[in-house]
Amino acid sequence: MPELPEVEIIKRGLEQKVIGRTIADIEVRAKKLFQGEVSLVYGSKVVSLERKAKMIIINLDNNYSLLLHLKMTGQLIFDERPCDLKTRVAGGHPSKDLRACLPNQFTHVIFRFKGGGILFFNDMRKFGYIKLYKTVEIPDLKVIADLGPDPFDKALTPEYLMSKIVRRPKIKIKQLIMDQTVIAGVGNIYADESLFCARISPLRIAKDVKRTELVKWIDCVREVLNFSLTHGGSSENTYVNVECKKGEMQNFFKVYRQTGAPCPVCGSKIIRTVVGGRGTHYCNACQS
DNA sequence: TGCCCCCTGCAG
DNA sequence: CTGCAGGGGGCA
């Protein structure tokens, strides 16, 4: 579900809530979604958070780190209530905002903090995960080490993209920009929206995309991601922030899931097709 | 490089 | 009922 803006918003929200708090208890309801020995985490304090592509890393003060991926439907919800660590019963009722998120049959992992505060990991489709590693191991994990630059990183240049394209002469531009080893954090929504912004068809063979178009696309992807960040991310489906609030970006989609609707630029109908097994939306008149 | 799959819910 | 869903690993 969440792509770069949504994960970034969750990460920023979590920073405000959990940095400096001590993890007293972890309740793992779905074993599959938590890999590692929970007791290694008990008594450790959260020192910092990082986002890498669509992953969140929670660094602890005992030389361990938690690596989280929300995949399609993961949610991280923070509840300020105090909690009895023996009975695992929270005091009082969740706030009105949280009620829609807490806890439900999709709550698979629950962190309880010393002195109060509960973090819920919900995931309807159970694709997400939390994994415990030694902090020093994180940079060498394949899923981290292989990542391309963040879209806002100055290392993302047309020359860099062209260097990636050379090795894969048949790849379509949309598949290229969704490859996390090329660019970290762009998923289906922002691939479609950024390509529309740059007037590049998602079906174009990447090697046929001109340098000037790549320059435009880099501007566009940054613009689209920033726009989404300022509008709270996309909540077309299950995305909510740590306070269980939806974003508004879905109200501003120009092509994504707008099949049959008029193109906001030229009025012709938005088309849906499939690229790399993913629903792909574009304007055949504006994008070539 | 393309397809299947993990899992569950929802729209048509 | 079928098809679809924003991720991405594993397989041929």
Side-chain angles (χ1 to χ4, degrees), chain A residues 1-10 29-35 51-56 67-76 100-101 104-109 121-131 141-148 151 164-165 167-196 202-203 205-207 221 224-225 228-229 231-241 246-260 272-282:
Chain A
M1 139 202 164
E3 303 181 30
L4 186 153
E6 294 77 27
V7 177
E8 180 64 25
I9 290 165
I10 290 171
R29 295 182 175 181
K31 269 214 155 79
K32 184 188 157 203
L33 302 200
F34 189 103
Q35 291 179 30
R51 180 188 57 76
K52 299 284 182 191
K54 302 166 194 171
M55 291 168 277
I56 292 173
L67 177 70
L68 290 79
H69 202 310
L70 302 174
K71 293 289 181 81
M72 307 270 270
T73 54
Q75 300 175 329
L76 287 168
C101 293
N104 55 39
Q105 74 262 47
F106 306 121
T107 300
H108 305 305
V109 182
F121 175 47
N122 301 342
D123 188 353
M124 190 177 76
R125 290 172 76 176
K126 294 187 184 171
F127 290 173
Y129 59 75
I130 302 175
K131 297 180 184 180
L141 296 174
K142 191 165 173 55
V143 290
I144 299 291
D146 288 353
L147 290 174
K164 290 290 187 178
I165 292 168
R167 306 175 61 88
R168 289 187 282 180
K170 290 176 71 177
I171 196 171
K172 294 188 178 80
I173 187 67
K174 176 170 174 178
Q175 291 172 286
L176 183 87
I177 63 176
M178 283 183 66
D179 183 336
Q180 301 300 293
T181 70
V182 175
I183 300 150
V186 176
N188 208 29
I189 295 175
Y190 300 104
D192 282 4
E193 291 293 320
S194 62
L195 288 169
F196 175 77
L203 306 177
I205 301 299
K207 75 166 172 49
V221 73
V224 168
L225 293 171
S228 179
L229 280 165
H231 290 271
S234 304
S235 293
E236 179 85 0
N237 207 323
T238 57
Y239 166 73
V240 290
N241 66 16
K246 290 176 182 290
E248 297 298 330
M249 179 64 185
Q250 64 281 5
N251 301 322
F252 300 95
F253 290 157
K254 293 190 165 75
V255 290
Y256 179 73
R257 285 218 185 166
Q258 304 303 305
T259 312
R272 180 186 184 280
T273 182
V274 174
V275 174
R278 297 223 125 58
T280 296
H281 315 77
Y282 68 107

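Proteins come first, then strands; the chains are lettered A, B, ... in the order of their sequence lines, and each starts at number 1.
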Using a 4.0 Å heavy-atom cut-off across all strands, classify A/G187 as base, sugar-phosphate, or nothing. sugar-phosphate
Just checking A/G279: base, sugar-phosphate only, or nothing, at a heavy-atom cut-off of under 4.0 Å? sugar-phosphate
Taking atom P in both C/dG10 and B/dC7, what distance in whole Å separates the two? 15 Å
Applying the side-chain hydrogen bond (donor to acceptor under 3.5 Å, both in side chains) criterion to A/N188, which one of A/K174, A/R278, A/E3 satisfies it? A/K174
Please tell me whether A/Y190 and A/S234 have a donor and an acceptor in their side chains that are separated by less than 3.5 angstrom. yes
Could you check whether any side-chain heavy atom of A/K164 comes within less than 4.5 Å of a side-chain heavy atom of A/I183, counting everything from C-beta outward? no
Results of side chain to side chain contact (heavy atoms under 4.5 Å, CB included) for A/F106 - residues two or more places apart only: A/N104, A/H108, A/M124
Could you give the distance from NZ (A/K131) to CG (A/L67), rounded to the nearest 0.5 Å? 7.0 Å
Atom CD1 in A/I189, atom NE2 in A/H281: separation rounded to 0.5 Å? 10.0 Å
Taking the nucleotide of DNA chain B with the nearest heavy atom to each, does A/R167 or A/Q105 sit closer to the 5' end? A/R167
Nucleotide N/O of nucleotides 8-12 of chain C paired with protein N/O under 3.5 Å:
from	atom 1	to	atom 2	distance (Å)
C/dG8	OP1	A/H69	NE2	2.5
C/dG8	OP2	A/K54	NZ	2.9

With sequence neighbours excluded, tell me which residues meet side chain to side chain contact (heavy atoms under 4.5 Å, CB included) with A/R168. A/I171, A/L176, A/D179, A/V182
A/S228 side-chain N/O to A/M249 backbone N/O, donor-acceptor pair under 3.5 Å: no
Reported OG1-to-CG distance for the pair A/T280 and A/L195, which is rounded to 0.5 angstrom: 9.0 Å
Applying the Watson-Crick and G-U criteria (both distances under 3.5 angstrom) with [ ] for crossing and | for other-strand pairs, one obtains for DNA chain B ||||||.|||||
Return yes if the base of C/dA5 and the side-chain atoms of A/R125 contain a donor-acceptor N/O pair under 3.5 Å, otherwise no. yes
Just by modelled atom types, is the A/P169 backbone N or O under 3.5 Å from a matching donor or acceptor in the A/R167 side chain? no
A/F127: which residues meet the ring-ring contact (aromatic ring centres under 6.0 Å, His included) condition with it, sequence neighbours left out? none
First contact, last contact: which nucleotides of DNA chain B are these for chain A, 5' to 3', heavy-atom distance under 4.0 Å? B/dT1 to B/dG9
Measuring only the C1' atom in each nucleotide, how far is B/dC6 from C/dC1? A whole number of Å is fine. 23 Å
Mind checking if A/Y190 touches a base, just sugar-phosphate, or nothing, with heavy atoms under 4.0 Å? nothing
Round to a whole Å and report the spacing from CG of A/N188 to P of C/dA5. 8 Å
